[in-house]
Asks: 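Let me give you the structure first, and then I'll get to my questions.
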Amino acid sequence: MNEEPPPADIFPYEYRGNQKEIADLIRDTVKNGGSAVIESGTGTGKTVVSMVGALEAALGTHRKIIYLTRTKSQQKQIVQEARAISEKHPIICIGVQGRSPHTCPMMSRDPENETGTSEELSRLCSEYKKDDGTGRPCVYYENIGRTDLQELLDHVKKAHPEPEEFAEYCLKRDLCPYETVKHLMKHADVVAAPYSFIFMPHIRDRFMEWAGAPLSEMVMIVDEAHNLPDYLREVMSLEYSSKAMALAEREAAEWNDPDVHAGLSVTDVIGVLRECLDEALSQYLTGDDGMMPSTFLQDELMVRLGMSSHSLNMVYKGLIDRGEMIAEIKKSKKKLPRSYILSLGSFLSAWNMSDEETNVFLVSGGDNPKFQAYCLDPMMAAEPLRLCWSSVHMSGTLAPLADYTEEIGLRDAVERIFPSPFPPENLRILYVNDVSTKYDEFNNIPEVYKRMKAHLVSLVRAVKRNTAVFFPSYAIMERFLADGIGKEMGKEPFIERRGMTQLELTEEVSQFRLSEGSVLFAVTGGRISEGLDFPDRDLEMAVLIGIPYPKPTARQEALRRYFDMRFGNGWEHSSKIPAMRKMRQAIGRLIRSETDRGIAVILDRRTFNLEDINAEPTDDPCRDVAAFFRNEQK
């Protein structure tokens with residue numbers, strides 16, 4: 001770490017708009033050990049101003065900046081800005097990513113490892129690092145001890161490599177990239193890390209050890225903070241599905257169906273659990289899901305197995321013990337230490353301890369029915385943000401700030417909104433009045449769907465500009481594709497598909513950028529709409545197919561009730577505000593610099609109710625879009 005205080009100003013560019021004010025606000029907040037919740041409009045340079053402000057307060061102390069990101073592409077931006085800052089004052093920035101077989105020559109030999117969780121891969125790695133008597137421990141790990149770490153630090157300080165670049169550098173030197181990053185982290189001024197490294201307890205404890213700093217000395221910067229509450233809900237939630245039962249059942253057969261308690265076998269437990277799932281589906285499922293009593297599963301298991309709650313806990317322990325044994329045997333054979341029996345026991349044990357005050361208990365239908373304990377309150381999972389030295393929460397779509405602050409549980413946070421510094425005339429937002437994706441209209445009135453398609457086709461044909469079309473769901477996107485929308489538009493779209501890897505998505509977007517007048521289909525709230533920049537002519541028009549209100553489900557209704565109790569007006573907080581945030585993020589892809597110009601067209605009459613979108617009605621979107629671009633050429 002650089003323990004020399006920085007010069008008076010380490011901002012690497014010429015200040016524009018409110019950038020200096022934001023950086024100074026963050027510097028003062030970090031110095032005082034407080035929290036800042038900031039909405040900063042498109043083009044503010046949130047990454048660099050937050051880093052500069054935090055560094056000006058932390059350099060010269062023992063405090064470490066942890067920059068938390070949701071995606072890998074955002075980590076690249078952090079490293080790039082650190083490279084620029086180092087021109088004014090040298091710093092070390094390390095990007096850490098989850099353990100992956102792609103960067104481990106030992107793990108990449110077995111295709112099964114591609115599906116491994118971070119915990120499973122960590123356990124497998126520990127086995128590779130052992131000398132098991134053959135004298136052949138992992139050479140990529142052993143080589144770290146034979147390498148001059150200062151040489152590696154000098155490379156990081158000089159080259160400021162992105163995580164993928166540093167992984168390649170390590171592999172060329174026969175070093176394990178993941179373990180090398182762990183060894184270097186304690187020397188870093190800034191560590192860019194995924195959310196999970198702080199908000200998953202079993203990872204956080206190890207992360208703090210690698211970073212060489214206690215939580216109380218860490219400065220947390222939360223990137224794209226509007227995503228954090230929902231992320232924390234997912235982290236704290238549990239689920240177990242019919243397919244998971246089938247996998248556990250198959251594993252039990254492979255291991256002679258071991259007993260777990262008092263003559264009860266794994267298969268016996270799974271059979272009864274499947275009966276409980278069928279009963280829950282018949283009693284509580286309404287639509288996609290249904291709300292169950294919090295005690296339903298435990299009560300059903302006790303009745304059907306004829307056991308007390310104490311005996312059931314012994315069953316859960318037995319499942320965990322058998323699963324751990326299987327995982328250990330697999331690990332000793334250098335196989336992925338996965339046990340579906342262990343997952344079953346862990347789920348049942350955690351479900352039994354779930355708090356009914358903060359969780360809603362659900363059964364979901366479909367091709368893979370499941371039990372789910374969905375966490376409504378993210379405050380407990382956000383505890384690291386209250387225990388660290390200081391936290392900075394940044395997003396372009398964070399309002400209402402007071403609600404975010406309260407939901408995360410921050411104390412005495414400074415809350416500020418800064419507008420975009422760019423000319424407002426560079427962005428125009430329109431909406432049409434004759435269509436809607438409201439379920440009853442879009443699905444039951446054929447003319448509405450036909451008009452929606454006609455608007456999209458006309459806009460794409462009328463404007464030979466790179467265009468992104470944002471759909472509220474994959475299902476609606478796939479309906480348009482199945483109906484031959486590409487042929488009607490006169491060009492096949494590039495597509496953000498379900499389950500794409502990051503590499504596949506990057507390649508698809510790259511091809512879109514290189515094809516003049518091309519069309520990109522994406523999902524509002526997806527990786528493209530929130531995580532990628534499209535400067536200059538890369539993107540000039542966005543078409544939003546409807547408003548991405550969440551589907552009405554039992555889970556959504558429970559969330560509405562939670563917000564009713566917490567803030568009042570639960571529908572606004574559970575549906576309207578999240579929809580507006582997603583739309584603003586998608587529209588924000590258009591304007592990334594002072595010279596960018598773009599137009600967005602929202603195909604939904606309900607837009608007039610969305611005050612934060614600032615859209616104008618149009619009865620002829622093609623005319624108005626063409627006029628916007630004609631004005632550009634004057």
Asks: With a 3.5 Å distance limit and no angle check, can you tell me whether Arg416 reaches the backbone of Ile22 through a side-chain donor-acceptor pair?
Replies: no
Asks: Looking only at side chains, do Ser391 and Ser35 share a donor and an acceptor under 3.5 Å apart?
Replies: yes
Asks: Taking NZ, NE, NH1 and NH2 as the nitrogens, is one of them in Lys129 or Glu179 under 4.0 Å from a carboxylate oxygen of the other?
Replies: yes
Asks: Taking only Lys NZ, Arg NE, NH1 and NH2, and the carboxylate oxygens of Asp or Glu, determine whether Asp154 and Lys157 approach each other closer than 4.0 Å.
Replies: no
Asks: Is a salt bridge present between Arg589 and Glu540, judged by a nitrogen-to-oxygen distance below 4.0 Å?
Replies: no
Asks: If we ignore angles and hydrogens, is there a donor and acceptor under 3.5 Å between the side chains of Tyr67 and Ser50?
Replies: yes
Asks: Grab the two heavy atoms, one from Val219 and one from Ala54, that are nearest each other, plus how far apart they are.
Replies: CG1-CB, 4.4 Å
Asks: Which distance, rounded to the nearest 0.5 Å, do you find between the OG of Ser196 and the CZ of Arg204?
Replies: 11.5 Å
Asks: Assess whether a salt bridge exists between Glu119 and Arg206, defined as any Lys/Arg side-chain N lying under 4.0 Å from an Asp/Glu carboxylate O.
Replies: yes
Asks: Checking Gln75 against Gln97: is there a side-chain donor and acceptor pair closer than 3.5 Å?
Replies: yes
Asks: Got a salt bridge between Lys330 and Glu120, using NZ or NE/NH1/NH2 to carboxylate O under 4.0 Å?
Replies: no
Asks: More than 12 foreign heavy atoms under 6.0 Å from CD of Glu209: is that the case here?
Replies: no
Asks: Is it the case that the side chain of Asn143 and the backbone of Leu175 share a donor-acceptor pair, with hydrogens and angles ignored and the cut-off at 3.5 Å?
Replies: no
Asks: As a quick check of understanding, evaluate salt bridge (charged side-chain N to carboxylate O under 4.0 Å, His left out) for Arg173 and Glu151, giving each step before the final call.
Replies: CA-CA 12 Å; Arg173 298 167 62 94; Glu151 182 183 342; 3.2 Å; yes
Asks: Short question: side chain of Lys64, backbone of Lys186 - any donor-acceptor pair under 3.5 Å?
Replies: yes
Asks: Kindly determine whether Arg233 and Asp230 satisfy salt bridge (charged side-chain N to carboxylate O under 4.0 Å, His left out), including the steps that lead there.
Replies: CA-CA 5 Å; Arg233 289 187 179 92; Asp230 281 343; 2.9 Å; yes
Asks: Does Thr397 offer a backbone N or O that forms a donor-acceptor pair with the side chain of Arg581 under 3.5 Å?
Replies: yes
Asks: Determine whether the side chains of His226 and Glu530 contain a donor N or O and an acceptor N or O closer than 3.5 Å.
Replies: yes
Asks: Apply the test salt bridge (charged side-chain N to carboxylate O under 4.0 Å, His left out) to residues Glu217 and Arg63: give CA-CA distance (whole Å), side-chain angles for both, the deciding distance (0.1 Å), then the verdict.
Replies: CA-CA 5 Å; Glu217 291 296 317; Arg63 299 190 180 105; 3.4 Å; yes
Asks: Quick check: closest heavy atoms across Phe199 and Ala381, and the distance to 0.1 Å?
Replies: CD2-O, 3.5 Å
Asks: Considering only NZ, NE, NH1 and NH2 on the basic side and carboxylate oxygens on the acidic side, decide whether Lys335 and Asp110 come within less than 4.0 Å.
Replies: yes
Asks: Which of parallel (below 30°), tilted (30 to 60°) and perpendicular (above 60°) describes Tyr240 and Phe347?
Replies: parallel
Asks: Charged N to carboxylate O below 4.0 Å: is that the case for Glu127 and Lys130?
Replies: yes
Asks: Name the orientation class of the two ring planes belonging to Tyr169 and His155 (parallel below 30°, tilted from 30 to 60°, perpendicular beyond 60°).
Replies: parallel
Asks: Just by distance, no angles: are the side chains of Glu81 and Tyr13 close enough, under 3.5 Å, to form a donor-acceptor pair?
Replies: yes
Asks: Is there a donor-acceptor pair closer than 3.5 Å between any side-chain N or O of Gln19 and the backbone N or O of Thr44?
Replies: yes
Asks: Would you tell me whether Glu251 and Ser339 have side-chain atoms, one donor and one acceptor, within less than 3.5 Å of each other?
Replies: yes
Asks: Is a side-chain N or O of Arg527 found less than 3.5 angstrom from the main chain of Glu496, in a donor-acceptor match?
Replies: no
Asks: Do the charged groups of Glu328 and Lys333 touch, with an N to O distance under 4.0 Å?
Replies: no
Asks: One thing to verify: whether Arg27 and Asp24 come together as a salt bridge, which I'm taking to mean a side-chain N less than 4.0 angstrom from a carboxylate O.
Replies: yes
Asks: Looking at Phe521 versus Phe471, is the centre-to-centre ring distance below 6.0 Å?
Replies: yes
Asks: Treating Thr147 as the side-chain partner and Leu149 as the backbone partner, does any N or O pair qualify as donor plus acceptor under 3.5 Å?
Replies: no
Asks: Is it true that a side-chain atom of Tyr178 and a backbone atom of Ala167 form a donor plus acceptor pair closer than 3.5 Å?
Replies: no
Asks: May I ask you to decide if Ile91's main-chain N or O and Asp189's side chain share a donor-acceptor pair within less than 3.5 Å?
Replies: no
Asks: Please determine whether a side-chain nitrogen of the Lys or Arg among Arg123 and Glu324 lies less than 4.0 Å from a carboxylate oxygen of the Asp or Glu.
Replies: yes
Asks: First locate atom OH of Tyr140, then atom CE of Met106, and finally report the distance between them rounded to the nearest 0.5 Å.
Replies: 7.5 Å
Asks: Return the orientation label for the Phe11 and Tyr15 ring planes: parallel under 30°, perpendicular over 60°, tilted otherwise.
Replies: parallel
Asks: Are more than 12 heavy atoms from other residues, nucleotides or ligands located less than 6.0 Å from atom CD of Gln150?
Replies: yes
